[in-house]
Amino acid sequence: MAELLSIAKLMSKVPEIKAIIGDQKPEYCYQCAKCTSGCTAAKVVPEYKPHEIVAAVKMGMIEEIMKSGILWACSECWKCSEYCPQDVAPVEVVLALKNIAVKMGYRPPEALVEMVKNAIETGYMQGIMEVMTNEFEFVDRDSLGLPKLERPPNMEQRRAALMRFFGVVMK
Amino acid sequence: MSGFEPKIVVFACNWCSYAGIDLAGTSRIEYPPNVSVVRVMCSSRVTPEMVLKALQRGADGVLITGCHPGDCHYITGNYNTLRRYYLLKRILNELGLGERVHLEWISASEGERFAKVAHEFVERIRKLGPLRIEEV
Amino acid sequence: MRYLLYLGCVIPTKQYAYEMSLRAVFPKFGIELEDFNEGCCGFPLKGVNKKAWIYMGARILARAYERGLPILTPCNGCNVSLFETKRFLEEDPSLRAEMLSLLRSEGLYHFGDVEILHPVEVFHDVIGVEKIKSMVVKPLKGLRIASHPGCHLIRPTNVPRPDNNVNPQKIDNIVRALGAEVGDYPDKGGCCGATMLPFHPESAIKVGAEKIVVMMDYGFDAVTTSCPYCMEMLDAKQDAAKTITGNMDLSLPVFYLTQLVGLALGMDPKELGIHLNLSPVDLVLEKLGVL
Amino acid sequence: MVDEVRIGVYICHCGKNIGGVISPKRVAEHVSRFPNVVVASDYLYMCSSPGQALIEEDIRKHNLNRVIVAACSPRMHEPTFQAAVARGGLNPYLLEMVNIREHATWVHEHEPEEAERKVIGLIRAAVERARHLYPLEVAKFPVVKSVLVIGGGIAGIRASLDLAKAGFKVYLVERKQSIGGRMAQLDKTFPTLDCSQCILTPMMVDVANHPNIELIAYSEVEEIDGRPGDFKVKIKMKPRYVDWDKCTGCGTCVEKCPWRVPSEFDEGLGYRKAIYFEFPQAIPRRPVIDPEHCLYLTKGICRVCERFCPVGAIMFEDKPRYVEVNVGAIIVATGYDLYDMTKLHEYGYGRYRNVITGMQLERLSSAGGPTGGRITTIEYERGRFKPGKTPKTVALILCAGSRDERHVRYCCRIGCMAALKHAYYIAHALPDSKIIICYTDIRAFGKGFEEFYQRIRSLPNVYFIRGRPMEIIENKDGSLTFDVYDSNINRMIRVTADLVVLETALVPPKGFEELRQKLKISCDPGGFGLELHPKLKPVETTVDGIYLAGFIQGPKDIPDTVAHAGAAAAAAASFLAKGYVESTPYLATVDEDICSGCALCVSVCPYDAISIVVKDGKRVAQVDSVKCKGCGACAGTCPSGAMQQHYFTDRQIMAEVAALAEGVVA
Ligand SMILES: Cc1cc2nc3c(=O)[nH]c(=O)nc-3n(C[C@H](O)[C@H](O)[C@H](O)COP(=O)(O)OP(=O)(O)OC[C@H]3O[C@@H](n4cnc5c(N)ncnc54)[C@H](O)[C@@H]3O)c2cc1C
Ligand SMILES: Cc1cc2nc3c(=O)[nH]c(=O)nc-3n(C[C@H](O)[C@H](O)[C@H](O)COP(=O)(O)OP(=O)(O)OC[C@H]3O[C@@H](n4cnc5c(N)ncnc54)[C@H](O)[C@@H]3O)c2cc1C
Ligand code: SF4
Ligand code: SF4
Ligand code: SF4
Ligand code: SF4
Ligand code: SF4
Ligand code: SF4
Ligand code: SF4
Ligand code: SF4
């Protein structure tokens, strides 16, 4: 059935992750699964298990995880980093893995790509919307008497700087 | 400034700091080889002349280590050290050498911390560059 | 006091009720708000490219420093994002240098030490509960109101947070000053699920729904929050939550904290944008006799 | 230094520890060219007999008058090589050790070239220093053949009995009303499940009856003075408000006292009176009045105990009393405390009444405990504990606060076995219940532990979940719910339990930090007493004559505690049996010609060892060599250089420093 893992594939990714996250310690994880036990995402997305992700990082088996797209399930509630007994902060590991995945060419979910595009082009991650009142009327900033929403200043310089980071995503 | 390997002389009291430095060894925690340790019974044995001598004769930095306050094997030795260190520091500051001498409390169980302190001190001195004798 | 009103993305493009109530309520306490339209704080982009996120936050800090005023961030996400940015800039000199070199093209040269505040702090620590109490003209009597602080108001604790993760009480203290009853309930510091919404919408909504179930179970008449994401999950998605969980009893009025303060000060619900709340807020308004 | 200085240098390989990183042979060749070095050799193990013999022979053959051994830390083998040098006919203080293992090859393993250069530099500095060495003499002092044991838990009890039986006088100081320590609180003991009280009480009685043991209960060490072999210890006896000489221990006062207070012994679940025995089997059997709760001492009413005492032993005007004892050695056996579980906020201890500690479960399970041995949920009635209902599900959470970077870093070494035992208590008493054990790893390494683990695993109503819950939530009925991910079956499990037991982290007892500072012994990062060597000197401390026994050296179960206490007693006995201690040779000494009598040295000496005397009409400093402990503070302070410290003279240190600062050219 399943293919056996070859140790030739094992190559710890801890150093790469550490370079991104700062002072947390993914290499300390002893698989107590406390993070997963209380994980907001794990309760509703059973395939998402932060302790497994941290273990995979230590083993270097992260490609499967990146391929599966499961990283995007984290709700960034920061409970795991608050209560992990080993200062691992799985959420930071997950965030770092997302960064690495994007760099490696894995495309983030479309919704996020859309946000990035908007952030670069309009300064806001989403367009200005019409919303509904509880009387089912549609209203907007104008009709609600809110001031016109200006674009952030220096859009050109801002776009130039951001394009340096987001080249891959925008392709 | 790459290529400059500072020479550091460390004074360590026998009971806490020397034992802590030994523990770094026993635990195989690496630190730069530029640091050499002089053992004294208590940090309060170290005189300003010894520190100056080290700088004069080629050391780029001096690290004095002793037991944490309250832990001195000889009750109050490290308080004497602290007082003398402040005085010494004042003189050294005037000579522009203040950054090159540092006092740190290292307990017998702080091998890991000693290694960290050694790393940081070497980096600090590396940034300051070599000490030219004329300065002293 | 004068603050830079930094709304972020969600509030000025969608959560208009928050913006309306903020603009309406704070001046009543003599707090002036200066518009500070600087766009996205970068928070959702942290996972795509950490440096891009830092850049966006760093830019905002540098711009605010020029204006010389504290930033008021009504969104929990913006608040934590700017604090984290600040921390990374402080801890990593090379990152700081890199960001400054990018910002030079805008004529920005410093980050300074800009103060960042959240409305909960302004109410609780700047204005003060006693002052609020003294200004209440229409106490929220007879209501039991749950507070939902939202993750980022209290976590991560490695950066300063407006309220305490162990026992968040600031919103409760404010609500109590408005004349309502408050109380703790299980997993008060729990998550609304908003960050999952774009990727796992059903699961995200289940997270929010679970919170509503617990608050109803503990007999609350309404819930209040001060984060536009949490509002979206608890209020706007409440109908969707019914369908997804099959729990048709889900029904809990949700208010922004600013809206509750406004109501207690006797302000018109429309002025506070309460007609934009999609949860059954009328139940509460009726009880208060403002409908 | 009239004679020519003739130095022999010996470089140890220490197997591969040194020889695997640098080439001792090359180093020997290099240093043999240093001035005054007559011979330089390397050898596989210098500390072995042939290694030592090499030194002895060379001293004679080459007429050496200085010896340098470059090997491990002087803290390890200095005495070994001093002895070798002495056998070779030289004064042992003409030896100089160079630490090239701990300070070089072990820490620069990956920079062998740099390591070798450093080693050569260190040896060069030693050569420079060795030139200025001179012979030293060591004085001997008699020891006082008695011992102070601090702490009357099983460790203190065992150590006291061992020493008393060997004929030493023992003073046993216990700060509580009774000895017995934590073991007295336990119901049964793993892995054999013997009744804890049943095996402990006879030993407590032995302590009370032994003519060589003076039990000083309800007391604490106030001050320690003197030196190894001759400590003077001031002990504070807290006011007992009962004249223990008159009291017969009849217990009438306790029975009649109207005021109940939560019992520390029952971990806050049971109650004791304001006048109380720690527990029914207390030794000594003499009550004390708790001044913070006694109605008379706080409010001036009552005096019931006084009225009923048949011998008139109550004395409300009692004051602290102080006794001084003179002992040769001290054994520290102060045990442990539970880590404050309210700090582990996520588990709700202190907020949720049915979240309890393992020690509280011991009390619930004890026949002498607050429920008479019935395991129940926790109820409170008007603030008072009362037994609740029989729990159907009990969850045990291991490593609560232990192995946790935010709380206690080390393993409690007890929790796993205690949890298995606790599962047994419940399974045995409540066969219809479900017992959930949430563990990270079960560490069952002791004798009989694995077998015990097997036995508990085989119980049908005990469920092992490999996972740790993150947060516990209290339900309206007082039961508790948590989710836990079981990584054995890859499932999230929702547990609802009537009682949650935290197997708590264990920490040094309150007040140990102050005691430790009085004793001048070091502590490890967890705050426990630091042994002199982690393998080879597990009971010795950095201070001669002071020993650690039991949990205070680090987490230990009862068998290990008892073994450790026995070792501490043996170490103290051998220290005292020798009959004398040697003073430090590194004494301070004054050159009276140079001394200006400024008295700066007097002000820094921590031991009042220096006085200013008038000699030939001149004020000079004088060192009392009995009092001097050889710290060198005076020498470090003396502005004229008149004050020197043997083996650490200015010349010796300066020579070493200059050589190190110059370094060596590769
Ligand atoms: C829940 C739990 C269950 C356990 N179950 C078992 C078991 O089944 N089997 C087993 O082998 N082990 C068990 N243990 C471990 C056992 O309790 C310890 O190994 C043992 O008690 C250690 O003995 P001790 O004498 O070193 O310390 P303690 O028992 O703590 O005794 C120390 C004594 O010193 C006194 N003291 C403290 N400070 C001072 C001071 N400054 N001055 C004077 N006196 C002082 C204290 O009052 C106390 O009487 C358990 C531990 C726990 C927490
Ligand atoms: C692979 C391995 C690695 C280890 N690593 C560590 C470590 O890193 N740290 C650690 O703390 N511990 C370690 N240990 C454990 C350590 O080896 C033991 O704790 C220690 O050696 C026990 O010492 P001992 O004197 O009791 O027994 P032993 O070392 O076995 O000595 C017993 C002696 O008695 C002699 N003898 C046996 N029978 C007789 C007889 N009938 N008559 C006369 N003499 C007899 C034997 O020849 C032997 O010399 C390790 C053990 C193993 C197996
Ligand atoms: S990341 Fe932390 S909480 Fe999660 S399994 Fe590892 S140690 Fe446990
Ligand atoms: S931050 Fe993400 S991984 Fe951590 S507990 Fe929350 S949802 Fe789970
Ligand atoms: S005087 Fe105090 S100790 Fe005596 S009986 Fe009354 S309350 Fe109890
Ligand atoms: S009644 Fe008197 S004799 Fe009896 S135990 Fe109490 S104090 Fe002692
Ligand atoms: S003994 Fe067991 S319960 Fe205690 S810390 Fe170690 S692993 Fe955890
Ligand atoms: S048998 Fe040996 S290797 Fe296995 S768990 Fe026990 S100590 Fe470890
Ligand atoms: S060496 Fe220390 S103890 Fe001895 S006389 Fe000098 S200051 Fe006092
Ligand atoms: S400090 Fe030196 S000079 Fe002054 S009295 Fe002491 S020994 Fe003499």
Side-chain angles (χ1 to χ4, degrees), chain A residues 2 14-15 18 21-59 61 64-65 68 70 73-94, chain D residues 339 341 343-349 395 397-412 415-416 419 436-443 464-473 480-497 500 502-505:
Chain A
V14 169
K18 282 193 77 127
I21 60 180
D23 53 4
Q24 272 89 23
K25 312 185 185 82
E27 68 278 24
Y28 276 18
C29 171
Y30 53 32
Q31 291 293 296
C32 67
K34 192 177 184 187
C35 48
T36 301
S37 295
C39 171
T40 302
K43 288 193 208 269
V44 286
V45 185
E47 310 81 60
Y48 182 73
K49 288 165 265 183
H51 77 286
E52 239 178 55
I53 294 173
V54 175
V57 165
K58 177 78 181 132
M59 293 291 267
M61 312 299 291
E64 276 164 54
I65 290 176
S68 72
I70 192 68
C74 170
S75 84
E76 289 173 42
C77 68
W78 259 299
K79 283 197 169 179
C80 53
S81 66
E82 214 50 58
Y83 298 118
C84 166
Q86 294 294 296
D87 279 354
V88 172
V91 55
E92 300 288 346
V93 173
V94 166
Chain D
Y339 182 66
M341 277 297 111
K343 291 189 183 153
L344 211 68
H345 160 261
E346 59 265 38
Y347 290 160
Y349 181 81
I397 300 178
L398 276 65
C399 309
S402 299
R403 308 171 68 197
D404 192 325
E405 293 290 311
R406 305 157 310 145
H407 298 283
V408 171
R409 213 168 168 189
Y410 50 87
C411 168
C412 75
C416 285
I436 312 287
I437 297 185
C438 300
Y439 71 102
T440 302
D441 312 281
I442 294 286
R443 300 186 160 176
F464 286 83
I465 294 180
R466 192 183 185 282
R468 205 183 285 192
M470 182 190 278
E471 290 173 294
I472 298 177
I473 279 166
L480 305 148
T481 296
F482 58 81
D483 292 339
V484 55
Y485 189 84
D486 184 342
S487 61
N488 290 331
I489 56 168
N490 285 321
R491 286 288 181 76
M492 189 82 88
I493 301 175
R494 179 155 291 184
V495 176
T496 295
V500 170
L502 305 179
E503 301 299 354
T504 55

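First the proteins, then the strands, lettered A, B, ... as listed; each starts at 1. Values below: every heavy atom of this structure, side chains too, minus hydrogens, waters and symmetry copies.
For chain A, no part of D:R491 is nearby; none of its heavy atoms comes within less than 4.5 Å. Looking at A:Y28, only its side chain comes within 4.5 Å of chain D, counting heavy atoms on both sides. Proximity to chain A is limited to the side chain of D:H345, based on heavy atoms less than 4.5 angstrom apart. Proximity to chain A is limited to the side chain of D:N490, based on heavy atoms less than 4.5 angstrom apart. Residue A:Q31 touches chain D through both its backbone and its side chain, counting heavy-atom pairs closer than 4.5 Å.
When each of D:M470, D:R406, D:R403 is checked for heavy-atom pairs under 4.5 Å with chain A, D:M470 comes out on top.
Here the shortest heavy-atom pairing between D:G401 and D:A505 reads C-CB, 3.6 Å. Residue D:L398 comes nearest to D:R468 through the heavy atom pair O-NE, 4.4 Å, listed as atom of the first residue, atom of the second, then distance.
Salt bridge D:E346/A:K79: absent, no basic N to carboxylate O contact under 4.0 Å.
You'll find the side chain of D:Y339 stays beyond 4.5 Å of the side chain of D:D404, heavy atoms only.
The environment of A:M59 atom CE is sparse: at most 12 non-hydrogen atoms of other residues, nucleotides or ligands sit within 6.0 angstrom.
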